[in-house]
Amino acid sequence: MITEPLISVIVPVYNVERYLDQCLDSIVGQSYRNLEILVVDDGSTDGSGEKCDRWAERDKRIRVIHQPNGGLSAARNAALDVMQGEMVTMVDSDDVLHPSAIKVMKEALGKSQASIVVGNYTPFDEDGEPAWPQQSDQPSPIRIPQHHALFRIFYQQGLTHSAWGRLYEASLFEEIRYPVGQNYEDLAIIYPLMLKCGRVAKINYTLYGYRQRQSSILGAFSPKRADVLDICEDLEKTMEQRDQKYLKAVRSRLLSAYFNILLLSSQDKASDHQQLQDRCWRGIKRLRWGCLMDKNVRRKNKYGIIASFMGRNVLCSVIGRNYQPRP
């Protein structure tokens, strides 16, 4: 008798009572059945924790971990510490999976002999459901070598650093954990994670539904979002010292972060973010010539560079007109 491998599904939960049923229903209803579903209640105060327990009573594959609020990284780490699956995928608790998502990713992982399989995602309205396209359950994986995958992530060319929407070999996380208390935690670990990964497989399959919540898109700017600058600047130092083949790509990603934080902080009229904006402007001026000459830098960044030569206000106006929130 052939036993299908156990796959762990990690679901961090914090005050998402309104969306939790839809998320967990999409996971327990997966066509691939041999799942370990690790639901981490990260100190919820809205009844989400009790709802998690009720789900565990209904489906014995669900294991609930209750812990004091420590943030997304702490919740994911708690599940990584106890998971038993040979493979692992992560689902944010306000999002949903396509019914065949795990089955398709697992089969693609085997076909491609990769360590990570990445699929497509589709955004959907806050109170709606994803409009899943018609698609084959056996997409052909495109194999991407480790170094090409890192270039595409840092240059933002069709691969993202998001933790969700992919299936990993669990062994990749044996010595890697998310940094607690830091936003953009998935970007912070992407370099060491990819160094352990010989190959990434990309499949043309929409497997993940990303909920666009108005509270997250239009909410007030928080200086914690500037964590992305610390992460990218640390990556730049790492590449300068250890791995210069990725240095130009990391600087392209850092330039994107400077543009993004400059725009968002300048749109927040409730607080003074002058020091942060000055930091971004200095970074843009430092990187713009090198990125302008780099043929791999995406066109959107080059438009921003050209606008920056006309001054900070013109730059904010230009990137503001073209800015669209992304996960």
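The figures here come from the full heavy-atom set of this structure, side chains too, leaving out hydrogens, waters and symmetry mates.
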- Side chain to side chain, K106 and K103, heavy atoms closer than 4.5 Å: no

- Considering residues, nucleotides and ligands other than N204, do more than 12 of their heavy atoms fall under 6.0 Å from its CG? no

- Minimum-distance pair of heavy atoms, taken over all atoms of E107 and D137: OE1-O, 4.0 Å

- Query: Do S115 and Q146 have side chains that get closer than 4.5 Å, going by heavy atoms?
  - Reply: no

- Message: By the side chain to side chain donor-acceptor pair (under 3.5 Å) test, which pairs, at least two apart or in different chains, include something from residues 183-193?
- Response: R76-E185, H161-D186, Y191-D243

- Of all heavy-atom pairs linking S26 and C23, the shortest is OG-O, 2.7 Å

- For D294 and K302, what are the C-alpha separation, side-chain angles and deciding distance, and is it a salt bridge (charged side-chain N to carboxylate O under 4.0 Å, His left out)? CA-CA 9 Å; D294 185 349; K302 293 198 174 186; over 6 Å; no

- Message: Restricting to non-hydrogen atoms, name the atom on G85 and the atom on S8 that form the minimum distance, rounded to 0.1 Å.
- Response: N-OG, 3.0 Å

- Query: Does the side chain of S256 come under 3.5 Å of the side chain of N301 through a donor N or O and an acceptor N or O?
  - Reply: yes

- Item | CD (Q274) with more than 12 external heavy atoms under 6.0 Å | yes

- Task: Please examine the side chains of N296 and K248, heavy atoms only from C-beta on, and report whether any two atoms are closer than 4.5 Å.
- Result: no

- Message: List the residues meeting ring-ring contact (aromatic ring centres under 6.0 Å, His included) with F124, not counting sequence neighbours, and say none if there are none.
- Response: none

- Query: Using a distance-only test with no angle check, is there a side-chain donor-acceptor pair under 3.5 angstrom linking Y208 and D95?
  - Reply: yes

- Item | Value rounded to 0.5 Å, distance of OG1 in T89 from OH in Y168 | 7.5 Å

- Query: Quick one: does L207's side chain get under 4.5 Å of V104's, heavy atoms only?
  - Reply: no

